[in-house]
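Take a look at the structure set out below.
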There are 2 protein chains.
Amino acid sequence: MLTSSFSNQDYLSLFSLFNSIYPLSEELKAAIIKNSEVIEAHKKVKLLSVGERSNTIYFIVKGAARIYYLNKEGKETNTWFLFENELLISVYSFYTGNPSFEYIETLEDCKLIAVKRDKLDEMYLKYMEFNFSGRKLTEFYHMRNEMQANDLRMYSAKERYEHLIERNPQLFQRVSLGHIASYLGISRETLSRIRKQK
Amino acid sequence: MLTSSFSNQDYLSLFSLFNSIYPLSEELKAAIIKNSEVIEAHKKVKLLSVGERSNTIYFIVKGAARIYYLNKEGKETNTWFLFENELLISVYSFYTGNPSFEYIETLEDCKLIAVKRDKLDEMYLKYMEFNFSGRKLTEFYHMRNEMQANDLRMYSAKERYEHLIERNPQLFQRVSLGHIASYLGISRETLSRIRKQK
DNA sequence: TCTAACTTTTGACAAAAGTCAAAAAATCAT
DNA sequence: ATGATTTTTTGACTTTTGTCAAAAGTTAGA
């Protein structure tokens with residue numbers, strides 16, 4: 001994991017995301033740049049491991065990552081795939097400060113903007129309007145989470161697969177079927193059988 | 001559903017929740033009182049129905065409520081139970097403004113503090129520090145959501161039951177087994193069998 | 001390009017949970 | 001209190017999905 005040479009270019013998409021929610025002052029932009037770093041991570045690099053306390057939030061400038069845990073039999077189960085312009089954290093560990101029960105790992109070579117929790121908290125206290133954007137973003141991710149949980153409850157394996165391929169076909173270009181199977185909450189074999197029956 | 005005669009008493013627990021996150025100014029307290037109403041709702045009253053757009057967030061002063069949807073066969077499936085000092089919303093509909101796919105219904109006679117979304121948004125714009133508390137609360141509910149989704153993925157029906165009775169035994173005093181079964185993602189019969197085998 | 005490693009598919013069987021129907025138990029309203 | 005309604009339990013059977021093992025297909029390095 002390397003710290004990249006500095007370039008404002010890397011912050012464009014992050015600033016544009018924040019600006020679309022609440023106007024970002026030049027002062028706050030400068031604080032964000034000062035309190036974060038741009039890092040590059042190769043494919044299959046762990047950004048967080050089980051037992052560690054997460055203290056970093058990442059914004060994905062380029063690349064993809066997954067969040068997964070190991071079940072009782074030691075098999076990986078993916079809970080999220082995240083791509084460009086998305087925020088990447090272990091929600092439980094980052095918000096509670098408790099040790100993580102899940103891993104964060106890159107799926108592709110990534111360029112990330114990393115902010116430490118203490119720096120983020122400083123900014124939230126110093127720039128109250130930053131909480132406006134933070135709240136809105138948290139609401140959005142909360143909603144996505146709720147939708148995902150509802151999908152797991154409401155639909156059979158086959159329906160979940162059909163929804164996913166309809167709503168998110170690009171996922172299948174970037175993530176293997178084995179990874180997608182566990183994300184859907186089914187075994188690789190079951191996914192293979194679902195796909196075969198047309 | 002009745003509007004209660006006014007009493008500051010009803011706001012104590014709400015203010016104390018906010019105060020524990022970020023100091024609540026007298027001005028903001030007054031705004032909250034002005035922009036909300038205390039309502040009472042009997043048992044089994046629907047606060048939101050499928051197809052309606054949710055525009056109200058409730059704080060539960062007293063009582064209990066559930067959030068549920070109807071599956072394809074028309075059976076109710078509970079996704080959340082909420083009690084005193086908790087916030088009650090249909091996350092998807094309230095945050096997106098889209099029609100709800102779920103119901104909110106009281107489980108007991110309730111006293112609630114209701115805030116309309118437009119009033120809430122006004123307060124978020126006028127009192128920037130209110131976003132600090134809003135963000136923290138959203139983070140907390142987001143985290144709970146994530147934990148619940150992980151429980152659904154990681155554990156078998158029996159394990160989910162055992163976790164629930166261990167972590168939340170009071171739930172079984174206030175909510176019927178039929179309701180709890182659907183919350184656990186299993187049929188009433190399966191829950192009954194799990195309970196029998198000690 | 002060839003081999004090793006990984007991913008996906010297939011078949012046979014097993015386990016978990018659901019469905020349907022009916023009985024038993026608990027709760028509620030008059 | 002008591003009859004009616006609702007909730008919970010039980011039994012027999014079905015469906016869905018998982019597991020294990022092996023084959024086939026794909027990908028990525030050396």
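Chain naming here is simple, since letters A, B, ... match the order of the sequence lines and numbering starts at 1 in each.
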Close N or O pairs between protein and nucleotides 10-13 of chain D (under 3.5 Å):
unit_1 : atom_1 : unit_2   : atom_2 : d
D:dG11 : N7     : B:Arg193 : NH2    : 2.8
D:dG11 : O6     : B:Arg193 : NH2    : 2.8
D:dA12 : N6     : B:Arg193 : NH2    : 3.3

Contacts under 3.5 Å, N or O only, protein and nucleotides 24-29 of chain C:
none

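Cation-pi geometry between A:Arg153 and B:Tyr183 is met: the NZ or CZ atom falls under 6.0 Å from the ring centre, inside 45° of the normal. Within the cation-pi definition used here (under 6.0 Å to the ring centroid, within 45° of the axis), B:Arg174 does not qualify as a partner of B:Phe81.
At distances below 3.5 Å, not a single donor-acceptor pair connects side-chain atoms of B:Asn98 with backbone N or O atoms of B:Ser93.
Proximity of the aromatic rings of A:Tyr103 and A:Tyr68 is defined here by a centroid distance below 6.0 angstrom, and this criterion is met. You'll find the ring centres of B:Tyr22 and B:Phe132 inside the 6.0 Å limit.
Between B:Lys116 and B:Asp121 no salt bridge is recorded (no basic side-chain N to carboxylate O distance below 4.0 Å).
Following rounding to the nearest Å, A:Ile180 (CD1) and C:dT7 (C1') show an atom-to-atom distance of 13 Å. Nucleotide C:dT19 holds its P atom 12 Å from the CD1 atom of B:Ile186, rounded to whole Å. Counting to the nearest Å, the C1' atom of D:dA24 and the CZ atom of A:Arg195 are 16 Å from each other. Counting to the nearest Å, the C1' atom of C:dT9 and the CG atom of A:Leu177 are 11 Å from each other. Put simply, CG on A:Leu191 is 16 Å from C1' on D:dT19, counting in whole angstrom units. The interatomic distance linking A:Asn71 (CG) with C:dA16 (C1') rounds to 16 Å, in whole Å. Atom CD of A:Glu159 and atom P of D:dT15 are 17 Å apart (whole Å). Between B:Arg160 atom CZ and C:dA16 atom P the separation is 13 Å, expressed in whole Å.
For the pair B:Lys75 and C:dG18, the criterion of a side-chain N or O lying under 4.0 Å from OP1 or OP2 is not met. Considering only side-chain N and O atoms, A:Lys158 lies nowhere under 4.0 angstrom from the phosphate OP1 or OP2 of D:dT17.
Backbone-only engagement by B:Ser176 is indicated by non-hydrogen atom pairs under 4.0 Å involving sugar-phosphate atoms exclusively.
For B:Ala157 and A:His179, each mapped to the nucleotide of DNA chain C holding its nearest heavy atom, the one lying further toward the 5' end belongs to A:His179.
In this structure, B:Ile33 and B:Tyr11 approach most closely via the heavy-atom pair O-OH, 3.8 Å.
Remark: of the listed residues A:Lys43, A:Lys44, A:Arg66, A:Arg66 is the sole one forming a salt bridge (Lys or Arg N to Asp or Glu O under 4.0 Å) with A:Glu105. Applying side-chain contact (heavy atoms from CB on, under 4.5 Å) to B:Ile89 and the options B:Tyr141, B:Tyr95, B:Tyr58 leaves one that passes, B:Tyr95.
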